[in-house]
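Each chain gets a letter, A, B and so on, in the order the sequences are listed, and its residues count up from 1. Computed from a predicted model, the values in this text were never measured in an experiment. Values below: all heavy atoms of this structure, side chains included; hydrogens, waters and symmetry mates excluded.
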Amino acid sequence: MKHDEKAEVLENREFAAGYRYLVVSAPRQAAEMQPGQFVHVRVPTLERSALRRPFSVFNAGDGKVTVLYKTVGRGTEALSKVKAGEFVNMEGPLGKGFPLSCKGTAFLVGGGFGVAPLYFLARRLPKSILFVGGRTKDDLLALDRFAEIGVEARIATNDGSAGEKGFVTGPLDAAINEFRAKGEEFELFTCGPDGLLRAVTERALELKVPGWISVDRHMICGMGACFACIQKTVRGNSRCCIEGPVFKAEELVW
Amino acid sequence: MKHDEKAEVLENREFAAGYRYLVVSAPRQAAEMQPGQFVHVRVPTLERSALRRPFSVFNAGDGKVTVLYKTVGRGTEALSKVKAGEFVNMEGPLGKGFPLSCKGTAFLVGGGFGVAPLYFLARRLPKSILFVGGRTKDDLLALDRFAEIGVEARIATNDGSAGEKGFVTGPLDAAINEFRAKGEEFELFTCGPDGLLRAVTERALELKVPGWISVDRHMICGMGACFACIQKTVRGNSRCCIEGPVFKAEELVW
Amino acid sequence: MVNMEVELGALKMRTPVATASGTFGYGYEYADLIDYSKLGAVTAKGVRMEAWPGNPMPRHCEVEGGLVNAIGLQGQGVKHFLERDMFLYSRVVKDPVPVIVNIWGQSEEEYAEVAAAVSAAAHPLIGALEMNVSCPNVKAGGHTFGQDPKVLESVVAKVRAATKLPLIVKLAPNVPSIVPYIRACENGGADALSLINTIPAMVIDIERRVPVLANRSGGLSGRAIHPAAVKLVYDAHRATKLPILAMGGVYEAKDAIEFMLAGATAVAIGTATFSAPDTAAKVCDGIAAYCERHGFAAAKELTGAICES
Amino acid sequence: MVNMEVELGALKMRTPVATASGTFGYGYEYADLIDYSKLGAVTAKGVRMEAWPGNPMPRHCEVEGGLVNAIGLQGQGVKHFLERDMFLYSRVVKDPVPVIVNIWGQSEEEYAEVAAAVSAAAHPLIGALEMNVSCPNVKAGGHTFGQDPKVLESVVAKVRAATKLPLIVKLAPNVPSIVPYIRACENGGADALSLINTIPAMVIDIERRVPVLANRSGGLSGRAIHPAAVKLVYDAHRATKLPILAMGGVYEAKDAIEFMLAGATAVAIGTATFSAPDTAAKVCDGIAAYCERHGFAAAKELTGAICES
Ligand SMILES: Cc1cc2nc3c(=O)[nH]c(=O)nc-3n(C[C@H](O)[C@H](O)[C@H](O)COP(=O)(O)OP(=O)(O)OC[C@H]3O[C@@H](n4cnc5c(N)ncnc54)[C@H](O)[C@@H]3O)c2cc1C
Ligand SMILES: Cc1cc2nc3c(=O)[nH]c(=O)nc-3n(C[C@H](O)[C@H](O)[C@H](O)COP(=O)(O)OP(=O)(O)OC[C@H]3O[C@@H](n4cnc5c(N)ncnc54)[C@H](O)[C@@H]3O)c2cc1C
Ligand SMILES: Cc1cc2nc3c(=O)[nH]c(=O)nc-3n(C[C@H](O)[C@H](O)[C@H](O)COP(=O)(O)O)c2cc1C
Ligand SMILES: Cc1cc2nc3c(=O)[nH]c(=O)nc-3n(C[C@H](O)[C@H](O)[C@H](O)COP(=O)(O)O)c2cc1C
Ligand code: FES
Ligand code: FES
């Protein structure tokens, strides 16, 4: 069931340049939220006609919902100024999340704030490896949080400032080969920029392993009511907010 | 010369229920401002398409401009939240003020925030008496400030909570009779609600004494450029912001 | 207790507050968040005979005071709507209100076919048809049906002949005078009017030097269009006895009351729902409170209740 | 250094930024606060043959994203304008730019008379005429001249015959398609177009249950109308070679650049001046900075420079 909660902000702090954690009290959503689902946040200081902003859930539980966000435009900028003790209206849980079981190891492939839902997912899956890429090491988010829950991270940066030099597909392909050589099972889960999503989709289809792709599209309603947030799929023009954001690799048409 | 100054707020405090003083640093305007002129204030927290708000000047000098305002709507409400150290854009001096000389005693007849320009005027005239009315004693503003500069106040309130019971025209008419009996000269200066302005206008015309009437009209530009702020006069439809706000009694057509 | 019931022609509404087409899916998507007891009707997303893919992405852009959208009427056709969406609506919504089915077509014949198909279904929850005439007429080279009063009258008459459901015609705002369009609706046999559809609009991304929307232009909705909508409702009410369903930038009760005083029988909430799904409920409560405060025993008394000299 | 000069037909402007009629008096009222070196032209308030009192008060109402006004074209007639206002303009403004004289009338003949009177004055600072055709045609029972393309063509042709000054026609936005109106202007002999005038609008005071404006309705201007204005400028540019002076909700350089990319040769600032008189100067600087950043040597290269597939 979807809720629209007037959620008290408990924490809203920068943890890396331009990236922030927002922790709010939203008991009903916290109780029902699944990894890969998202929330729709009304930024209280924007004019009343401003749209809500969608964010994947980084963690939920104990009555709290956490998102990890990047300040990129006027909405997230304004959100970054909201103080603990103030309130934001938040709708959730929205959308279809990731499956909560996985044959073998879950390969979590993230880019930028795409690691957010993967962290929430990793907490629910028994065995996962994080593959994460970025331009420099500053783009690698929440690695400490993954480490805390015992998830190994395999890293690539374009400039070589952390992990391998190159793209995240480097360590990913290496692991794929390694696992296949050993005959170990794995599934692919990804969230991040479209380029990354396509690369993971291709691999899932080629290897015939399950691939779970979380697609971000600009949204109006977040409820399936407006048809703004389209991703082409085998069924036609699908709404990311309700038929996604997580799609199976074989559903997607790029 | 008109200026648009980015004026630092030095003080913005309530001094009576719903009434506030706003003191800003605006050296160029402070130097040139005359009693009866007004300023046009941009409320920084309103959306950028919001109009400026016009306020009579309560006092000006030493690089500072003071206005006395009542919180009545969304603009003044938002203005009341602006803190010392923040800035407001302010245009001024605007409009035609009061004459700065007066034959005999200046009878200053004010209602509500209409006393604001009368205080500034009283500081410049050698001899004046304030006639002020309101519903209750809480509507009588800045009496202490008039007292400080040695201006006698004659008061009427509808409920008798201060001064005479009744309208300000009571003490005014009494003074008129008193002065005429003694053969002493006086002129009439007024600012306040339209009803009061008309009452004073009538007396000025009847008695054939100079009457200076400050008229408030809703404004867009405050510069004479838009023709929003019309008062009927013997010349036709006159713009309060530039042909006024102070008109001679004999000019006005009600 | 204020009597909140109003009648939009033959459509009985338990409150004067509806939702606007295209902003409320097929009536059930927001079900978890909506108090349907405060609604008088919901309007479904535009439906035509066959499935229609809509426009390429991006389909919208936030602007000051509202939204520019070019969704492009995506949908799965009238059969899917009647079989699946109406079924879901009746299942998901606990306390359902009549559905106003918003229809469109690429030819006059298609309008009539859709109307006939919806009528034939005789679904007890379908309360009225709303014709969206702001869509391109394929035969007339892409002009919209609502652009020319003659074309409008003809398509309204064809739909009228195809259905006994209450027939609402939704008019475009970008006209020099609304009166000829109203006459066309009257002559064509409409039962009511919807005013207003979105205002044609465009946003350009100056950094990339391209229109933001893939469709280049779209329709402006939301707060920005409210004063223009009030004027059109006022003009329409003075020109016709047809009841009016008013929409355009209703965010709070005040906006709805303005519409009703200007002449609307009921109002629909569109863009405001996206940021605040409880808008309709709050508007309904606000209308009731206003009626009490001003001594109106029934919401319907507000219609046209402007005091003019 | 970006070359900021543009030509609106035969009107040479030193920058592509003008002021909009009715928002900038007769060009001198804001003189203390304006940097005229950043302006390409100023547009004077509408003027007709004789004095005109305008509408009763109240004449305006602030709304979200702008303003609804019904000033009603108050003025003292063309003689007063030419003798006194143009005199004051040339005296008060240090570094004056051409004045675009906005004219109106209650009959086609009056338009032509005003145009002839302005031409006859041969004032060196008068650079062009702008016809406001959104005012009531007394003979045609109050319809505006700009409402019907035939009437529009006729009045434009009459004014054309009466003047050799560059002739700009200012069009109303509330039309199904701007194209027939543009054809009328072309056929009538216009040199340029102004787009857009205000959008008809209304605000109702729900507590007193009366329209806020004494004139009942007025015109919406400001930020709210900008996306609609961009669409009309875009449509117009694709339909004609006539240069376009664009207006409607320009508050910052971005808004002006959108207009130019959509096809405008120059832009005018209206409502924004009221809250921020330095808008025109900032917009001018912003256009120059944008040209530099995007490698345009001249502002005029922005006109229609949208990248479309
Ligand atoms: C399902 C989903 C999950 C997301 N999860 C996260 C997350 O966990 N962390 C995070 O930082 N961001 C996430 N985003 C992106 C986030 O919604 C945008 O960064 C944010 O809306 C930008 O708002 P703004 O006002 O700062 O930017 P502006 O560019 O000023 O926004 C203008 C408009 O565009 C929309 N918009 C802009 N960028 C995006 C985008 N990338 N995706 C969708 N809409 C956008 C805004 O919502 C707004 O309507 C997610 C988006 C989706 C659809
Ligand atoms: C020349 C002049 C001098 C003034 N001097 C003072 C003063 O010294 N102290 C003071 O408290 N007030 C003064 N006022 C009135 C003051 O301008 C309004 O109270 C104020 O603009 C209200 O703004 P708001 O947003 O709070 O009210 P809203 O009602 O929300 O304002 C809506 C619109 O109406 C206009 N408006 C509302 N009330 C008035 C009004 N009474 N007069 C003019 N415009 C109005 C606003 O400027 C705004 O454009 C003066 C007005 C004028 C014209
Ligand atoms: C995203 C979106 C989709 C819309 N789709 C339709 C539609 O399919 N049919 C229709 O007649 N109107 C459609 N409209 C117009 C609305 O029903 C309504 O007339 C308009 O948005 C004005 O109301 P508002 O300002 O409250 O949104 C749509 C509006 C929006 C914002
Ligand atoms: C107060 C006011 C008065 C106006 N008077 C006129 C006028 O006399 N003649 C005219 O052609 N347009 C007039 N307009 C319209 C403007 O010139 C301009 O076309 C419109 O306001 C859109 O621009 P903006 O959004 O930048 O204000 C007026 C607008 C306002 C706000
Ligand atoms: S955002 Fe409205 S359908 Fe997805
Ligand atoms: S407020 Fe514009 S002329 Fe007075």
Side-chain angles (χ1 to χ4, degrees), chain C residues 61 63-68 143-144 146-148 172-177 199-211 216-220 222-235 249 251 253-255 257-262 290 293-294 302 305-309, chain D residues 61 63-68 143-144 146-148 172-177 199-211 216-220 222-235 249 251 253-255 257-262 290 293-294 302 305-309:
Chain C
C61 176
V63 295
E64 273 176 65
L67 191 62
V68 179
H143 287 283
T144 67
Q147 204 161 320
D148 178 339
N174 51 319
V175 293
S177 161
I199 295 181
M202 185 170 180
V203 182
I204 294 172
D205 177 336
I206 66 165
E207 293 308 319
R208 298 190 305 125
R209 287 196 280 127
V210 293
R216 290 201 184 97
S217 65
L220 178 63
R223 227 316 163 168
I225 69 173
H226 183 68
V230 172
K231 166 76 162 94
L232 284 156
V233 168
Y234 178 82
D235 289 349
Y251 282 74
K254 177 173 79 58
D255 308 324
I257 295 162
E258 261 189 285
F259 270 144
M260 294 182 76
L261 296 177
Y290 177 89
R293 197 152 41 81
H294 285 260
L302 295 181
I306 213 164
C307 311
E308 284 190 283
S309 45
Chain D
C61 176
V63 295
E64 271 175 67
L67 190 65
V68 178
H143 288 282
T144 67
Q147 204 160 320
D148 177 339
N174 50 318
V175 294
S177 161
I199 295 182
M202 185 168 179
V203 183
I204 294 173
D205 178 336
I206 66 165
E207 293 308 318
R208 296 191 305 126
R209 287 196 280 127
V210 293
R216 291 202 183 95
S217 66
L220 178 64
R223 227 319 164 165
I225 70 172
H226 183 67
V230 172
K231 166 76 161 96
L232 284 156
V233 168
Y234 178 82
D235 288 350
Y251 282 75
K254 177 173 79 56
D255 308 324
I257 295 162
E258 264 189 283
F259 270 144
M260 294 182 78
L261 296 176
Y290 176 88
R293 196 151 43 79
H294 285 260
L302 295 181
I306 214 165
C307 310
E308 284 191 283
S309 45

Could you measure the distance from the CD1 atom of D:Ile199 to the CG atom of C:Leu232? Nearest 0.5 Å is fine. 10.0 Å
Separation between CD1 (D:Ile204) and NZ (C:Lys231), nearest 0.5 Å, reads 11.5 Å
Here the gap from C:Asp205 atom CG to D:Ile257 atom CD1, rounded to the nearest 0.5 Å, amounts to 11.5 Å
Considering all heavy atoms of both residues, which atom of C:Ile206 and which atom of D:His294 are nearest to each other, and what is their separation? O-CE1, 4.0 Å
Given that the side chain runs from C-beta out, which part of C:Val210 has a heavy atom under 4.5 Å from chain D: side chain, backbone, both or neither? both
Please examine the side chains of D:Ser177 and C:Gln147, heavy atoms only from C-beta on, and report whether any two atoms are closer than 4.5 Å. yes
Determine yes or no for a side-chain-to-main-chain donor-acceptor pair under 3.5 angstrom, with D:Tyr234 supplying the side chain and C:Ala201 the backbone. no
I need the residue from C:Leu261, C:Asp148, C:Leu220 with the largest number of non-hydrogen atom pairs under 4.5 Å to chain D. C:Leu261
Are D:Glu207 and C:Arg293 ion-paired here, with the side-chain N under 4.0 Å from a carboxylate O? yes
Options C:Gly249, C:Ser217, C:Pro200, C:Pro173, ranked by heavy-atom pairs under 4.5 Å with chain D, top entry: C:Pro200
Is there side-chain contact between D:Val230 and C:Val203, with at least one heavy-atom pair below 4.5 Å? no
Assess whether salt bridge (Lys or Arg N to Asp or Glu O under 4.0 Å) is satisfied between D:Glu258 and C:Arg209, documenting all intermediate values. CA-CA 8 Å; D:Glu258 264 189 283; C:Arg209 287 196 280 127; over 6 Å; no
